[in-house]
Amino acid sequence: MIRSQIRGSGSALPQQVVTNADLADRVETSDEWIVERTGIRQRYIAGEGETTSTLATEAARNALAAADIDPASIDLIILATATPDHTFPATATQVQKALGCRGGIAFDVHAVCSGFLYALGTADSMLRTGMAKRAVVIGAETFSRILDWEDRTTCVLFGDGAGAIVLEAEDVTEGGPGILATKLHADGEHKELLYVDGGPSTTGTVGKLRMKGREVFRHAVVNLAEVLGETLDAVGLQATDIDWVVPHQANARILDATARKLGLPAEKVIVTVDRHANTSAASVPLAFDVAVRDGRIKPGDLVMFEAMGGGFTWGASLVRL
Ligand code: UT7
């Protein structure tokens, strides 16, 4: 059977670090409030010349180097983002150009914070059906550009960055490694809880992010616990089989609550929200790359990716490395 194998990962962060104390100089907040409610201590914010495509390209280059794969052999690039460089063309095509690979498939996927899971599921389907052989799957965002910097309830929560993985189709025997199952969901009922108040077809402006955080939190814990169970059930595994959970990094309290619901010890959950804050579609591959590079996640491990975001959209993917 054909399965998609993760060959390497990479990430990229803007140069500028903004601490909670820096934000307390701009809006009425405090390091204490932000750390206690979210676990966030700092975030990276894109400066002049740093865009979603430049961060995505750097992350992709690092992933290709880790995989020791020639960029010219990549025939599929899927970039998850809600903050593209331009309304069109797809930012993925600019990454393709920068990487020096031409003629393959390149497009963006838009599922906000779940974007990387949607991109991963799409790439996996395309590899398994033979539409492509080698893919770069990227989550990249510059949310700082759509934040209302006067709104303390949202501006302290997000950061910029990019993460990428290289996937390759491989014929493996039953029970072999690779992406074992991906489950994705959406429910358009709750748009007003998390959205951007602009867009090309409505206001003609880019708009700013608006969120009712407390309600989003409530939905996130329920939806994530459900989709994690559904993904495990699809392959007949238990939560106790999981070596690492790599969750979307929105809030340390959501990570704790989800781990508790699954009966997983907190040590098995990769946490980077303290350093990166919420980087939307970038957060899962960024956190994965951190834990691969520091030696926690190793070949053979069973890894669960999960995310929930605007739409609502949510999903999970179980991978044997
Ligand atoms: O990535 C997509 C998914 N997004 C999420 O998963 C986000 C989920 N939600 C959350 O992470 C949390 O709900 C937040 C971190 C956004 C907020 O935490 P909370 O414990 O739900 O706080 P709250 O919104 O209920 O606000 C509590 C109080 C309010 O004051 P009052 O009304 O009790 O007087 C807020 O005005 O905290 C106030 N507050 C702040 N105070 C200091 C809100 N933001 C701030 C702030 N600094 N930055």
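Hydrogens, waters and symmetry mates are skipped; everything else that's a heavy atom, side chains included, is used. When a ligand or atom number is given, it counts from 1 through the structure's own listing order.
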Taking NZ, NE, NH1 and NH2 as the nitrogens, is one of them in R260 or D256 under 4.0 Å from a carboxylate oxygen of the other?
no
Whether the S73 and D70 side chains hold a donor-acceptor pair (N or O, under 3.5 Å, no angle test) is what I'd like checked.
no
Which atoms of ligand 1 sit under 4.0 Å from any heavy atom of L194?
2 (C)
Of the protein's non-hydrogen atoms, which lies at the shortest distance from atom 1 (O) of ligand 1, and what is that distance?
N278 ND2, 2.6 Å
If you count the atoms of ligand 1 from 1 in the order shown, which ones are under 4.0 Å from a heavy atom of R37?
19 (P), 20 (O), 22 (O), 27 (C)
Would you call V156 and I40 a side-chain contact if the rule is heavy atoms closer than 4.5 Å?
no
Atoms of ligand 1 under 4.0 Å from any heavy atom of V216, numbered from 1 in the order shown, are 3 (C), 4 (N), 5 (C), 6 (O)
Can you tell me which residue and heavy atom of the protein come closest to atom 36 (O) of ligand 1, and the distance to 0.1 Å?
R152 NH2, 3.1 Å
What atoms in ligand 1 come closer than 4.0 Å to a heavy atom of M308?
2 (C), 3 (C)
Write out the residue and atom name of the closest protein heavy atom to atom 17 (C) of ligand 1, then the distance separating them to 0.1 Å.
W33 CH2, 4.1 Å
Less than 4.0 Å from atom 29 (C) of ligand 1, is there any heavy atom belonging to the protein?
no
Is the closest side-chain donor-acceptor distance between E141 and S280 under 3.5 Å?
yes
Partner of D148 by salt bridge (Lys or Arg N to Asp or Glu O under 4.0 Å), out of R26, K208, R210
R210
Would you mind checking which non-hydrogen protein atom is closest to atom 7 (C) of ligand 1, with the distance to 0.1 Å?
M211 CE, 3.8 Å
Are side-chain N/O atoms of T81 and D108 paired as donor and acceptor at under 3.5 Å?
no
When you look at CD of E192, are more than 12 heavy atoms from neighbouring residues, nucleotides or ligands closer to it than 6.0 Å?
yes
Would you please say whether a donor-acceptor pair under 3.5 Å links the side chains of Q42 and T19?
no
Flag: protein heavy atom within less than 4.0 Å of atom 24 (O) of ligand 1:
no
Between E170 and R7, is the closest basic N to carboxylate O distance under 4.0 Å?
yes
Give the atom numbers and elements of ligand 1 that come within less than 4.0 Å of a heavy atom of C113.
1 (O), 2 (C)
Check whether any protein heavy atom sits under 4.0 Å from atom 32 (O) of ligand 1.
no
Closest to atom 14 (C) of ligand 1 (judged by heavy-atom distance), picking from T29, I40, I254, N251:
N251
Go through ligand 1 atom by atom and flag the ones less than 4.0 Å from a non-hydrogen atom of V156.
48 (N)
Short list, please: which atoms of ligand 1 are under 4.0 Å from a heavy atom of A250?
1 (O), 5 (C), 6 (O)
Contact with ligand 1 for L23, non-hydrogen, under 4.0 angstrom:
no
Taking atom types as modelled and ignoring hydrogens, do the side chains of H86 and Q94 form a donor-acceptor contact shorter than 3.5 angstrom?
no
How far is atom 9 (N) of ligand 1 from its nearest protein heavy atom, and which residue and atom is that?
G213 O, 2.9 Å
Answer yes if the side chains of T91 and S53 hold a donor-acceptor pair under 3.5 Å, and no otherwise.
no
Quick one: look at F217 and ligand 1, take heavy-atom pairs under 4.0 Å, and tell me if it's side chain, backbone, both or neither.
both
Within-cutoff protein neighbour (heavy atom, under 4.0 Å) for atom 4 (N) of ligand 1:
yes
If you scan the protein for heavy atoms around atom 48 (N) of ligand 1, do you find one that is closer than 4.0 Å?
yes
I need the atoms of ligand 1 closer than 4.0 Å to a non-hydrogen atom of R253, numbered in the order shown.
18 (O), 20 (O)
Nearest neighbour of atom 16 (C) of ligand 1 from the list V27, L157, D31, N20, on a heavy-atom basis:
L157
Compute the minimum heavy-atom distance from K212 to ligand 1 and say whether it is under 4.0 Å.
no
Only one of I77, V95, L76 clears side chain to side chain contact (heavy atoms under 4.5 Å, CB included) with C101; which?
I77
Can a side-chain donor-acceptor contact be found between S144 and D160 if the only test is distance below 3.5 angstrom?
yes
Candidate list D274, N20, T279, test side-chain hydrogen bond (donor to acceptor under 3.5 Å, both in side chains), partner R43, passing option:
N20
Aromatic rings H219 and H190: how do their planes relate, parallel, tilted or perpendicular, breaks at 30° and 60°?
tilted
Does ligand 1 come near enough to I34 that some N or O of the ligand is less than 3.5 Å from an N or O of the residue?
no
Are any of the N/O atoms on T38, whether in the backbone or the side chain, positioned under 3.5 angstrom from an N/O atom of ligand 1?
no
